[in-house]
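What follows is a set of notes on a single structure, which appears directly below.
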2 protein chains.
Amino acid sequence: MPRTDRRRPRTAPADGPGTRDRLLDTTAHVLSTRGFACTSLTEVARIAGLRPPAVYHYFASKDDLVAAALSAGQQLVRQRVAAAAAAAGPDVRRAVDAMVEAHLRVELDSSAYATAVTRNARHVPPAIAVQLGADSAAFHDVWREVLQRAASEGHLRLGLDARVARMLVVGALNWAAEWYTPRISVDSVVATAQQLVRAGLFQPPHPSGHP
Amino acid sequence: MPRTDRRRPRTAPADGPGTRDRLLDTTAHVLSTRGFACTSLTEVARIAGLRPPAVYHYFASKDDLVAAALSAGQQLVRQRVAAAAAAAGPDVRRAVDAMVEAHLRVELDSSAYATAVTRNARHVPPAIAVQLGADSAAFHDVWREVLQRAASEGHLRLGLDARVARMLVVGALNWAAEWYTPRISVDSVVATAQQLVRAGLFQPPHPSGHP
DNA sequence: GTAATTTTTGAATCTAAGTTAGAGTCATTT
DNA sequence: AAATGACTCTAACTTAGATTCAAAAATTAC
């Protein structure tokens, strides 16, 4: 069988005009609104303007599709938060403020991917959860590093378990996707969350001179 | 004559009373570990030592069963938190400490019902979600009342949106069910959460005399 | 143009799960 | 002993949804 492995012929990649991306977008949207339990391949395909079998040209299975969408969401959140932390400079309080804002904005503002991952990452069958482990760990690394820096510089409140505090803060931010409605401005959520997190995490700044 | 309906006498007959509770326990357990998406009537029945149809003697449908378990969980959390708030007396800081502790202990310590509701309440089909609305609202009323008292007494940080702050705090507590493992002591989670919430929510106490 | 390849589909298969129907067992009552 | 009602079973029905597959449409290469 001489297979004419001359596939992948030429200019544009073999994919259709963004069909794959459209499927991912639709998946993220359905996941973020209906939740994993009520997300079906059939409905995703229908919304994307396709019949269910067409999905299998781009993804090996439903789990693959969902995992790809959630992974993209987790990476998006991590990138935004990491970028915000990096841009904030050496001041850890400023860094935490920036990370809180970045997390909330990407989660509440625009991206169905971000909402999809925060709402569904922990409610997904094991096969998918495993694939998300690395992405999730990378995201937590960003927070861990900043809080470790804060601890070593003596800014954290005494008696605060840094790991537990991190999980609580991330939890508060993640849970926002469950209750946020556009009737509340994102700005006010950001402002309140920043105040809460900063005051909760850090030693009160010394009003007078040195430590 | 179709068949000799003299099949074998089933040995394990009526467990009678307690079966309904056992079904609820099992449902709460499966919900809290696998999540709603992976919870099936069939498996719940099997773990409870029954065949699926037997469930219908106690509950009208799968939705009914799940709603009953989640409702019980939500009421349990509300009762514990309300009792803690009531027992704490007039000091709002003390009340918030007590509510944080009560919430975390019932969620992390013993009750599969509490974990089930915090993990699944927002990931359930609309028919069930509606039934949970009242329970959830009653729970939030407890927090709302205490924070309103704190605000009217001038203890809350300035510029803090009380509603947003409440949702963030409750979110941090709820999310704990997602990451907690027995390797961490509940005590340390409680202590860190109390510190975080109290410092985040309240004006720093005046070290010297009066306000 | 035709051939090759990519993309999509209709139709069928397969599986898991919720549900219904009807009958059997048991403890208790009368 | 007969009757009743509570409880559970087996068997079958039904549906929804994921998946497979061969073939049609659309696109691209030559």
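Within every chain, numbering begins at 1; the chains are lettered A, B, ... in the order of the sequence lines, protein sequences first and strands thereafter.
- Shown here is A:R157, whose CZ atom has more than 12 heavy atoms of other residues, nucleotides or ligands within 6.0 Å.
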Residues 68-75 of chain A, side-chain donor-acceptor partners within the protein, below 3.5 Å, at least two apart:
residue: A:S71; atom: OG; partner: A:Q75; partner atom: NE2; Å: 3.1
residue: A:S71; atom: OG; partner: A:D135; partner atom: OD2; Å: 2.7
residue: A:Q75; atom: NE2; partner: A:D135; partner atom: OD1; Å: 3.4

Return a table of donor-acceptor pairs under 3.5 angstrom between the side chains of residues 141-151 of chain B and protein atoms on other chains or two or more places apart.
residue: B:D141; atom: OD1; partner: B:R144; partner atom: NH2; Å: 2.7
residue: B:R149; atom: NH1; partner: B:P90; partner atom: O; Å: 2.8

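- By the side-chain contact (heavy atoms from CB on, under 4.5 Å) test, B:T115 pairs with B:S32, B:R119, B:A177, sequence neighbours left out.
- Atom pair B:R46:CZ and D:dT8:C1' shows a separation of 18 Å (rounding to whole Å applied).
- To the nearest angstrom, P of D:dC7 lies 12 Å from CZ of B:F59.
- A heavy-atom distance below 4.0 Å to DNA chain C is reached by none of the residues of residues 26-38 of chain B.
- Within the structure, ring-ring contact (aromatic ring centres under 6.0 Å, His included) contacts touching residues 85-104 of chain B (residues at least two apart or in different chains) are B:H103-B:F139.
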Subject >> Under 4.0 Å protein heavy-atom contacts per nucleotide of nucleotides 17-26 of chain D, with B for base, S for backbone only and - for none >> reply: SSBBB-----
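- Remark: A:D25 engages no residue in a salt bridge (Lys or Arg N to Asp or Glu O under 4.0 Å) (not counting sequence neighbours).
- With sequence neighbours excluded, the residues satisfying salt bridge (Lys or Arg N to Asp or Glu O under 4.0 Å) with A:R34 are A:E43.
- Applying the salt bridge (Lys or Arg N to Asp or Glu O under 4.0 Å) rule to B:D91 yields no partners; only residues at least two apart in sequence or on another chain are considered.
- As a whole-Å value, the separation of B:H57 NE2 from D:dC7 C1' is 5 Å.
- Within 4.0 Å (heavy atoms only), A:A54 reaches at least one base atom of the nucleic acid.
- Using a 4.0 Å cut-off, some side-chain N or O of B:R51 falls inside it from OP1 or OP2 of D:dC9.
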